[in-house]
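Only a predicted model underlies this, so the values are computations on that prediction, with no experimental measurement involved. As a basis for the values below, the full set of heavy atoms in this structure was taken, side chains included, without hydrogen atoms, waters or symmetry mates.
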Amino acid sequence: MKKKKGFVFVETLVVTAVLTISLLASYSTFSALVIKEKERITYNDSAYLYRTYYIEKFLKNFSLYNVRDYIDSETTINGKKVKRAYSKIGCSGDLFPPEANHNLATCEALINSLNVENLYLTFKDLGYLQQCNNWEGDCAVFATLDDGMAEYIKTIGGSSKTGNEASQSGYRIIAEYKEKKDGTKCDSSGAECQTFYATISIGDIDGK
């Protein structure tokens with residue numbers, strides 16, 4: 001009987017260990033699915049892609065080449081010359097020449113009505129960002145972005161290996177939206193806000 005009890009005890013330990021491993025594996029898989037689902041919802045959702053497309057069509061009528069020339073220029077970081085690579089887009093005189101200043105109000109109304117938090121112009125091909133670990137080298141210019149945007153742009157991908165390669169690929173607009181669960185604009189406290197990201201490739205930008 002003692003031998004039988006000992007066997008049952010060992011058997012119980014084995015079964016417990018197998019169940020524990022199975023539960024841990026299930027939890028790991030479930031967690032990965034939850035993360036991917038959150039990304040699916042917040043990254044490139046069709047509603048936000050449509051908003052970004054609408055913004056791109058509006059802005060492309062104005063002086064985006066000013067922003068294009070800025071991101072194509074070089075800056076020096078840690079002794080190395082790198083492309084500036086991205087720039088925030090705002091409703092300002094950089095986009096609207098004096099004769100088009102009446103469109104400033106339209107731009108501001110559009111941005112506010114669509115709950116846009118930030119707009120950026122960058123290169124179409126961002127494949128070289130896949131190599132970024134500590135935001136060094138060509139990637140260093142992106143180090144000032146907040147964590148959410150930085151993680152999003154690394155998912156965009158492409159085939160470029162360097163910033164110089166990426167600069168030959170054309171351009172894209174990236175939009176960051178913040179709103180409450182009911183779709184209304186976030187207040188200053190940012191309580192109960194959710195962030196969404198979307199991007200539209202706009203090809204080349206004509207102009208000076």
Side-chain angles (χ1 to χ4, degrees), residues 39 41-73 75 83-97 100-129 132 135 139-158 163 166-167 169-180 183-188 190 193-208:
E39 287 184 357
I41 292 171
T42 60
Y43 289 3
N44 298 325
D45 179 86
S46 57
Y48 298 96
L49 283 171
Y50 180 79
R51 293 188 197 185
T52 309
Y53 174 78
Y54 189 73
I55 292 168
E56 179 263 333
K57 288 301 178 187
F58 173 76
L59 292 178
K60 209 170 181 184
N61 293 319
F62 302 103
S63 306
L64 272 177
Y65 57 80
N66 286 329
V67 189
R68 174 205 66 191
D69 290 346
Y70 175 81
I71 70 174
D72 278 336
S73 65
T75 186
K83 293 284 186 181
R84 295 185 188 275
Y86 82 94
S87 177
K88 187 177 285 190
I89 305 173
C91 301
S92 69
D94 290 338
L95 285 182
F96 305 100
N101 272 347
H102 61 281
N103 287 296
L104 280 171
T106 304
C107 178
E108 290 169 353
L110 177 65
I111 297 303
N112 288 330
S113 65
L114 296 180
N115 301 331
V116 177
E117 182 74 8
N118 289 300
L119 277 175
Y120 297 94
L121 182 73
T122 186
F123 301 133
K124 176 184 176 182
D125 186 333
L126 294 177
Y128 74 105
L129 296 184
C132 295
W135 299 103
C139 308
V141 292
F142 291 93
T144 57
L145 291 172
D146 66 70
D147 291 342
M149 178 60 74
E151 288 303 313
Y152 173 65
I153 64 171
K154 287 174 73 173
T155 70
I156 292 172
S167 67
S169 65
Y171 305 89
R172 67 171 60 249
I173 284 178
I174 299 176
E176 177 185 4
Y177 301 90
K178 275 192 176 181
E179 57 189 28
K180 296 180 180 178
T184 58
K185 190 175 180 64
C186 290
D187 54 32
S188 57
C193 286
Q194 191 166 1
T195 304
F196 301 88
Y197 302 94
T199 183
I200 293 287
S201 171
I202 61 176
D204 292 327
I205 296 173
D206 297 327
K208 295 179 183 178

Original post:
Just checking, any donor-acceptor pair under 3.5 angstrom between side chains of Thr199 and Tyr48?
Top reply: no
**OP:** Quick one: pull up OG1 in Thr144 and CH2 in Trp135 and give me the separation to the nearest 0.5 Å.
**Re:** 10.0 Å
Original post:
Should we count NZ of Lys83 as having more than 12 external heavy atoms under 6.0 Å?
Top reply: yes
Original post:
What do the steps show when you test Arg172 against Ser201 for side chain to side chain donor-acceptor pair (under 3.5 Å), and what is the final call?
Top reply: CA-CA 4 Å; Arg172 67 171 60 249; Ser201 171; 5.2 Å; no
Original post:
With side chains defined as the heavy atoms from C-beta onward, is the minimum distance between Glu176 and Met149 less than 4.5 Å?
Top reply: yes
Subject >> Minimum side-chain heavy-atom gap Cys91-Ile111 below 4.5 Å >> reply: yes
Original post:
Which atoms form the tightest heavy-atom contact between Gly170 and Asp204, and what is the distance?
Top reply: CA-OD1, 3.9 Å
**OP:** Mind checking side-chain hydrogen bond (donor to acceptor under 3.5 Å, both in side chains) for Thr106 and listing every partner two or more places apart, or none if nothing turns up?
**Re:** none
Original post:
How many angstroms lie between atom CG of Leu119 and atom CD of Glu56, to the nearest 0.5 angstrom?
Top reply: 11.0 Å
**OP:** Taking the side chain as every heavy atom from C-beta outward, state whether Ile202 and Lys124 have any atom pair closer than 4.5 Å.
**Re:** no
Original post:
Going from CD on Glu117 to SG on Cys193, what distance comes out if it is rounded to the nearest 0.5 angstrom?
Top reply: 8.5 Å
Original post:
Mind checking whether Leu110 and Leu114 have side chains closer than 4.5 Å, heavy atoms only?
Top reply: yes
Subject >> Any Thr122 side-chain heavy atom under 4.5 Å of Ile156 side chain >> reply: no
**OP:** State, with a plain yes or no, whether a side-chain heavy atom of Tyr171 is found less than 4.5 Å away from one of Leu64.
**Re:** no
Original post:
So, Tyr197 versus Tyr152, ring centres under 6.0 angstrom or not?
Top reply: yes
Subject >> Crowding at CZ, Phe58 (>12 non-hydrogen neighbours, <6.0 Å) >> reply: yes
Original post:
Counting distance only, does the side-chain N/O of Asn115 pair as donor-acceptor with the main-chain N or O of Gly183 below 3.5 Å?
Top reply: yes
Original post:
To the nearest 0.5 Å, what is the distance between CG (Asn103) and CD (Glu108)?
Top reply: 11.0 Å
Original post:
Quick one: salt bridge (charged side-chain N to carboxylate O under 4.0 Å, His left out) partners of Glu179, sequence neighbours excluded?
Top reply: Arg51
Subject >> Gap separating the OG1 atom of Thr155 from the OH atom of Tyr43, nearest 0.5 angstrom >> reply: 5.5 Å
Subject >> Student check: side-chain heavy atoms of Asn112 and Lys185 closer than 4.5 Å >> reply: yes
**OP:** Check whether more than 12 heavy atoms from other residues, nucleotides or ligands sit under 6.0 Å from atom OH of Tyr53, and answer yes or no.
**Re:** no
Original post:
Side chains of Lys154 and Leu126: closer than 4.5 Å at any heavy-atom pair?
Top reply: no
Original post:
Would a distance-only check, ignoring hydrogens and angles, find a side-chain to backbone donor-acceptor pair under 3.5 Å from Thr42 to Phe196?
Top reply: no
**OP:** To the nearest 0.5 angstrom, please state how far the CD1 atom of Ile174 sits from the CD1 atom of Ile153.
**Re:** 6.0 Å
**OP:** Mind listing the closest non-hydrogen atom pair of Ala85 and Val141 along with its distance?
**Re:** CB-CG2, 3.8 Å
